[in-house]
Amino acid sequence: MYNRRKFIKVTAAGASLAAFSSSLFAKAVQPVAAAGFPIVISTWDFGIAANKEAWKTLEKGGRALDAVEAGVKIPEADLKNHSVGRAGYPDRDGHVTLDACIMDEFGNCGAVAAMEYIAHPISVARLVMEKTPHVMLAGEGATQFAVEHGFKKEKLLTPESEKAWKEWLKTAKYAPVINFENTQGMPGGKDNHDTIGMLAIDAKGNISGACTTSGMAWKLHGRVGDSPIIGAGLYVDNEVGGATSTGVGEEVIRNVGSFLVVELMRQGYTPENACKEAVNRIIKKKPDSIKDIQVGFLAINKKGEYGAYAIQKGFSFAVCNAEKQDLLVKGKSYNS
Ligand code: SD4
């Protein structure tokens, strides 16, 4: 197990061996200790459980790509989570349609959009990346592809989600509302979040990311948010870092948010300042967004430094590395 004690032992071993000028071994162990990885971070409080799962791969020296896929499958399977995966709230016609994407250290990426009947969209996104010449499959084609690759086709609408949707229909006049998820419960509370975006750096220093959601509750049938769009909901550049987003996807798409965050880090911004600048762009173009639209960015750089920034308060993110296993950080925000 790559626990704290072992981490310190490894670092100490590296230091003493270096003192005896056995430089080869010291070089092999020290970059890991000094650089702040392996590490995994993800959006919201449900990221704690997801990170724990991802950590099982990272602590064994596994690949960041495998870690992020395994990690986000936890909220995808959680029947209490109504904004990601199988128990996600449906669109206004009662269809649960899921969006997800994944990106690895080589710049390979895969995505599914508006996919129905398959509980783990992140794994289908990975298969699109690995088994096809394409980047994204949408709708029925995505479901068909998943079934052809052995995924179970099943009804995803849970009785609880169906009940909530029918309640909504009574008063909603069939009109989609943005940001419904972020109006539920306390800001930052268990009902007040939407997407899981996860970024990991493995022991070799390679970065991967994953992003998955059921999207905006009661959306128009066929609506696709930022989460499956490379550059919007997720972007990874193994030379620089990675970024992911949560909140009202339309605003993130308009500003190609996650790509922007990574490019700002390339220019020398810290992860937090890069996220802040991306949030400021959204606000500058649409000053009204500060009233009630929530958008949050989360980023990590090549050194394993991380940061986040959101429009509204209540945004949180989870961090897991050798020292901290279930840290929840309150993200800074424009409306603090
Ligand atoms: C999306 N970012 O689809 C996701 C999550 C969400 O309200 O539902 N936002 O836009």
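In listed order, ligands and their atoms are each counted from 1. One is the number of the first residue; the rest follow in order along the sequence. All values below were derived from every heavy atom in this structure, side-chain atoms included, with hydrogens, water molecules and symmetry-related copies excluded.
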- Message: Please compare R223, K219, E251 and report which has the shortest non-hydrogen distance to atom 3 (O) of ligand 1.
- Response: R223

Could you pull out all donor-acceptor pairs under 3.5 Å where a side-chain atom in residues 113-123 meets a protein atom, sequence neighbours excluded?
from : atom 1 : to  : atom 2 : distance (Å)
E116 : OE1    : H95 : ND1    : 3.0
H120 : ND1    : E76 : OE1    : 2.8
S123 : OG     : E69 : OE2    : 2.7

- Does the ring centre of Y89 sit less than 6.0 Å away from the ring centre of W165? no

- State the atoms of ligand 1, each with its element, that fall below the 4.0 Å cut-off from a heavy-atom position in D226. 1 (C), 2 (N), 4 (C), 10 (O)

- Just checking, is any N or O donor in the side chain of D66 or T57 under 3.5 Å from an acceptor N or O on the other one? no

- Considering only heavy atoms of G247, which atoms of ligand 1 have at least one such atom less than 4.0 Å away? 1 (C), 2 (N), 4 (C), 5 (C), 6 (C), 7 (O), 9 (N), 10 (O)

- Between the main-chain N or O of V84 and the side-chain N or O of T213, is there a donor-acceptor pair closer than 3.5 Å? no

- Item | Interfacing atoms of ligand 1 (cut-off 4.0 Å, heavy-atom, T213) | 5 (C)

- Message: When you compare ligand 1 with T195, is there at least one nitrogen or oxygen pair between them that comes in under 3.5 angstrom?
- Response: yes

- Considering the heavy atoms of S227, write down every atom of ligand 1 situated less than 4.0 Å from one of them. 2 (N), 4 (C)

- Query: Once you round to the nearest 0.5 Å, how far does CZ of F317 lie from OH of Y306?
  - Reply: 6.0 Å

- Taking the hydrophobic residues Ile, Leu, Val, Met, Phe, Trp and Tyr, and joining any pair whose side-chain heavy atoms are under 4.5 Å apart, which ones share a cluster with L264? L260, Y269

- Message: Please check whether G215 reaches ligand 1 - meaning an N/O of the residue sits under 3.5 Å from an N/O of the ligand, judged on distance alone.
- Response: yes

